[in-house]
K.L.:
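Sharing a structure with you now.
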Amino acid sequence: MSDVTRNADGFEVDARLLSATFGLTEREIKARMRDGRITTLSEKGEGEDEGRWRMTFYHGTQALRLTVDKDGNLLSRSTFPVAARAQPASGKE
């Protein structure tokens with residue numbers, strides 16, 4: 001599997017890419033995505049960016065931004081600091 005794959009619902013990003021970026025195991029990535037501690041913003045390009053998508057993954061004070069073409073080919077990748085985002089109430093300590 002490549003890092004990003006296009007499917008009928010949109011795109012699928014390999015957990016290994018997020019794992020390497022956020023310093024977590026693939027299992028931790030999947031669990032944190034399920035419980036909302038890792039969130040994603042997906043944006044479809046318009047105008048001169050038509051045919052491109054930008055996906056930003058947020059975890060704690062870090063973000064990973066991927067830009068892909070219509071087939072899921074990775075065009076760019078960047079990481080940057082962000083302000084800590086509110087964590088969901090989970091009932092867990």
K.L.:
To the nearest 0.5 Å, how far apart are CG in Asn73 and CZ in Arg52?
P.N.:
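One gets 12.0 Å once the value is rounded to the nearest 0.5 Å.
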
K.L.:
Is there a donor in the side chain of Arg32 and an acceptor in the side chain of His59, or the other way round, less than 3.5 Å apart?
P.N.:
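Checked: Arg32/His59 side chains pair up, N/O donor to acceptor below 3.5 Å.
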
K.L.:
I need the minimum non-hydrogen distance between Val13 and Met55, along with the two atoms involved.
P.N.:
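Heavy atoms only, the tightest pair is CG2-SD, 4.1 Å.
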
K.L.:
Give, for atom CD1 of Ile29 and atom CG of Leu24, the distance between the pair rounded to the nearest 0.5 Å.
P.N.:
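Taking CD1 in Ile29 and CG in Leu24, the distance rounds to 4.5 Å.
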
K.L.:
Any chance you could measure Met33, atom CE, to Glu28, atom CD, to the nearest 0.5 Å?
P.N.:
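Atom-to-atom, Met33:CE and Glu28:CD are 14.0 Å apart.
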
K.L.:
Side-chain heavy atoms nearer than 4.5 Å, only ILVMFWY residues, links allowed to pass through others: does that put Leu74 and Phe22 together?
P.N.:
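Yes, because Leu74 and Phe22 connect within a single hydrophobic cluster, where side-chain heavy atoms sit under 4.5 Å apart.
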
K.L.:
Could you walk me through whether Thr56 and Arg65 satisfy the side-chain hydrogen bond (donor to acceptor under 3.5 Å, both in side chains) test, starting with their C-alpha distance in whole Å, then the side-chain angles of each, then the deciding distance to 0.1 Å, before giving a yes or no?
P.N.:
CA-CA 4 Å; Thr56 308; Arg65 178 167 291 150; 3.0 Å; yes

K.L.:
Can you name the nearest heavy-atom pair linking Ser19 to Glu26, along with the distance?
P.N.:
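Closest pair (atom of Ser19, atom of Glu26, distance): OG-N, 3.8 Å.
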
K.L.:
Applying the side-chain contact (heavy atoms from CB on, under 4.5 Å) test to Phe57, which of Leu17, Thr39, Leu66, Thr21 qualifies?
P.N.:
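Checked Leu17, Thr39, Leu66, Thr21 against Phe57; only one passes side-chain contact (heavy atoms from CB on, under 4.5 Å): Leu66.
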
K.L.:
Do Leu41 and Val82 share a hydrophobic cluster, counting only Ile, Leu, Val, Met, Phe, Trp and Tyr and linking them when any side-chain heavy atoms are less than 4.5 Å apart?
P.N.:
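Shared cluster, yes.
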
K.L.:
Checking the side chain of Arg6 only, and the main-chain atoms of Lys70 only, is there a donor and an acceptor separated by less than 3.5 Å?
P.N.:
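Yes, the answer is positive, given that a donor and an acceptor are paired below the 3.5 Å cut-off.
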
K.L.:
What's the separation between atom CD in Gln62 and atom CG in Leu18, rounded to the nearest 0.5 Å?
P.N.:
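Answer for the CD-CG pair, Gln62 versus Leu18, is 11.5 Å.
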
K.L.:
Treat each ILVMFWY residue as a node, draw an edge where side-chain heavy atoms are under 4.5 Å apart, and state whether Phe11 and Tyr58 are in one component.
P.N.:
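Phe11 does not cluster with Tyr58.
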
K.L.:
Between the main-chain N or O of Gly72 and the side-chain N or O of Asp69, is there a donor-acceptor pair closer than 3.5 Å?
P.N.:
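Yes, the answer is positive, given that a donor and an acceptor are paired below the 3.5 Å cut-off.
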
